[in-house]
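Quick notes on the structure that follows.
From a predicted model like this one, the values you see are computed outputs, not experimental measurements. Order of the sequence lines sets the chain letters (A, B, ...), proteins ahead of strands, with each chain counted from 1.
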Protein chains: 2
Amino acid sequence: MPNRPNPFAKTRRDHADETAEDYVEAIADIEIASGSCRVKDLAERMQVSHVTVTRILSRLADGGLVAREPYGPVGLTPRGLEMAAASRTRHEIVVAFLERIGVSNATAEHDAEGMEHHASKETLAAMRRFLSRAEDVRPG
Amino acid sequence: MPNRPNPFAKTRRDHADETAEDYVEAIADIEIASGSCRVKDLAERMQVSHVTVTRILSRLADGGLVAREPYGPVGLTPRGLEMAAASRTRHEIVVAFLERIGVSNATAEHDAEGMEHHASKETLAAMRRFLSRAEDVRPG
DNA sequence: TACACTTTGTAGCATATGCTACATTCCCGA
DNA sequence: TCGGGAATGTAGCATATGCTACAAAGTGTA
Ligand SMILES: [Mn+2]
Ligand SMILES: [Mn+2]
Ligand SMILES: [Mn+2]
Ligand SMILES: [Mn+2]
């Protein structure tokens with residue numbers, strides 16, 4: 001029953017997972033880019049206050065996705081790492097797909113940030129198929 | 001500046017418009033399907049309690065999108081009608097597009113309900129182009 | 001007409017996510 | 001080492017969206 005029979009309820013469920021997915025993905029990104037992730041880095045990335053970040057990180061820590069100690073850097077648990085990897089993969093598929101149908105990179109990044117959370121496995125599979133076919137047809 | 005320079009902020013803005021867009025679209029749908037739209041119809045459609053619907057309708061009425069009187073049916077103002085038409089058009093484009101890349105109708109309807117709010121003009125234009133081309137290529 | 005059922009409204013609670021203002025801690029350079 | 005700026009934490013407020021429980025209004029049928 002991945003798709004219970006109401007689109008609006010499904011969208012609400014997608015949104016309930018969205019913050020966790022975006023934050024763990026951002027944490028992984030920032031760790032890779034600059035060695036360690038701080039509250040401040042996330043606040044800048046998300047364009048919210050550090051207060052909002054701190055509260056959300058507490059919840060993610062309670063949920064076993066994030067490792068936190070006061071005034072320390074932000075880390076990911078094994079589960080957080082897993083979710084980050086999956087989120088990044090999905091993000092990349094959606095961005096690549098949008099670009100392939102002719103959307104500019106900037107817009108693709110903007111739209112994908114929201115759309116990615118609503119793309120079901122079936123839709124992601126369709127996007128992947130489309131990308132593969134396009135690669136088959138065009139050389140390089 | 002339709003795209004201010006942060007994907008997460010853009011996604012939050014998309015979400016801020018989402019409820020209004022979905023509700024006016026639903027109201028228009030229900031009016032067409034059954035002659036008049038009641039609180040109860042919306043609660044069923046959205047799969048939420050009638051309390052949630054009532055509160056949201058009050059806000060939409062304050063915003064000049066919805067016409068309300070106590071215990072009466074739910075109507076749309078001219079602005080509400082406009083928004084409903086635009087929302088429906090966009091919804092149909094996204095659904096048709098997903099189906100065209102091979103997603104089943106049920107999944108397309110589910111995913112589109114969330115994705116539609118994040119599809120920028122540029123992305124919608126790309127989807128439209130894709131649909132037109134596909135129509136050119138395949139007969140019928 | 002009267003009563004029962006349905007529908008809508010209201011009170012009050014909960015969670016998630018924003019914010020500013022202020023307190024505390026950390027860290028680096030003098 | 002210490003003093004000040006940067007980073008983080010906390011208090012308290014706001015909005016949006018969910019809910020249940022109860023109250024009030026509307027509707028149809030006996
Ligand atoms: Mn995202
Ligand atoms: Mn969304
Ligand atoms: Mn929608
Ligand atoms: Mn819709």
>> So that I can compare with my own list, what are the stems of DNA chain D, taken as at least three consecutive Watson-Crick or G-U pairs with distances under 3.5 Å?
In response: C:1-30 with D:1-30

> At under 4.0 Å, does any side-chain N or O of Thr54(B) touch on OP1 or OP2 of dT10(C)?
Replying inline: no

> Nearest-Å distance, CZ (Arg12(B)) to P (dT15(D))?
Replying inline: 18 Å

> Quick one: NE2 on His91(B) to CE on Met115(B), what's the gap to the nearest 0.5 Å?
Replying inline: 11.5 Å

>> Looking at His50(B), is its backbone amide N or carbonyl O close enough to the side chain of Thr54(B) to form a donor-acceptor pair, meaning the two atoms are under 3.5 Å apart?
In response: yes

> What's the CZ-P distance between Arg68(A) and dA7(D), to the nearest Å?
Replying inline: 14 Å

> Roughly, in whole Å, what's the span from CG in Leu57(A) to P in dT10(D)?
Replying inline: 13 Å

> When the distance from CD of Glu69(B) to C1' of dT7(C) is rounded to whole Å, what number comes out?
Replying inline: 15 Å

>> Tell me if a side-chain donor or acceptor on Asp111(B) pairs with a main-chain N or O of Ala119(A) at a distance below 3.5 Å.
In response: no

> Is Lys10(A) paired with Asp14(A) through a side-chain N to carboxylate O contact shorter than 4.0 Å?
Replying inline: yes

> Would you say dC19(D) has OP1 or OP2 under 4.0 Å from some side-chain N or O of Ser49(B)?
Replying inline: yes

>> Between Tyr23(B) and Asp41(A), which residue's closest nucleotide on DNA chain D lies nearer the 5′ terminus?
In response: Asp41(A)

>> What is the distance, to the nearest angstrom, from the CG atom on Asp62(A) to the P atom on dA16(C)?
In response: 10 Å

> Mind checking who shares a hydrophobic cluster with Val95(A), ILVMFWY linked at side-chain heavy-atom distances under 4.5 Å?
Replying inline: none

> How long is the line joining CG of Asp22(A) and P of dG18(C), in whole Å?
Replying inline: 10 Å

> Would you call His50(B) stacked on dT7(C), i.e. ring centres under 5.5 Å apart with the planes less than 30° off parallel?
Replying inline: no

>> If you assign Arg55(B) and Ile56(A) each to the DNA chain C nucleotide with the nearest heavy atom, which residue ends up on the more 5' nucleotide?
In response: Arg55(B)

>> If I take atom NE2 in residue His15(A) and atom P in nucleotide dA16(D), what distance separates them, rounded to the nearest angstrom?
In response: 16 Å

>> Here's a test of your reading of the structure: between Thr19(A) and Val39(B), which maps to the more 5' nucleotide of DNA chain C?
In response: Val39(B)

>> Tell me the interatomic distance from Glu44(A), atom CD, to dA6(D), atom P, rounded to whole angstroms.
In response: 13 Å

>> Check this for me, if you would: do Arg13(B) and Asp17(B) make a salt bridge, where the nitrogen-to-carboxylate-oxygen distance has to be below 4.0 angstrom?
In response: no

> Nearest to the side chain of Tyr71(A) - dT7(C), dC26(C), dC19(D)?
Replying inline: dC26(C)

> For Leu81(A), which fellow cluster members are found when Ile, Leu, Val, Met, Phe, Trp and Tyr are connected by side-chain heavy-atom distances below 4.5 angstrom, either directly or through intermediates?
Replying inline: Tyr23(A), Val24(A), Ile27(A), Ile30(A), Val39(A), Leu42(A), Met46(A), Val48(A), Val53(A), Ile56(A), Leu57(A), Leu60(A), Leu65(A), Val66(A), Val74(A), Leu76(A), Met83(A), Phe8(B)

> Arg38(A) side chain N/O closer than 4.0 Å to the phosphate oxygens (OP1, OP2) of dC26(C)?
Replying inline: no

> The side chain of Thr52(A) lies closest to which of these nucleotides: dC19(C), dG18(D), dT7(C)?
Replying inline: dC19(C)

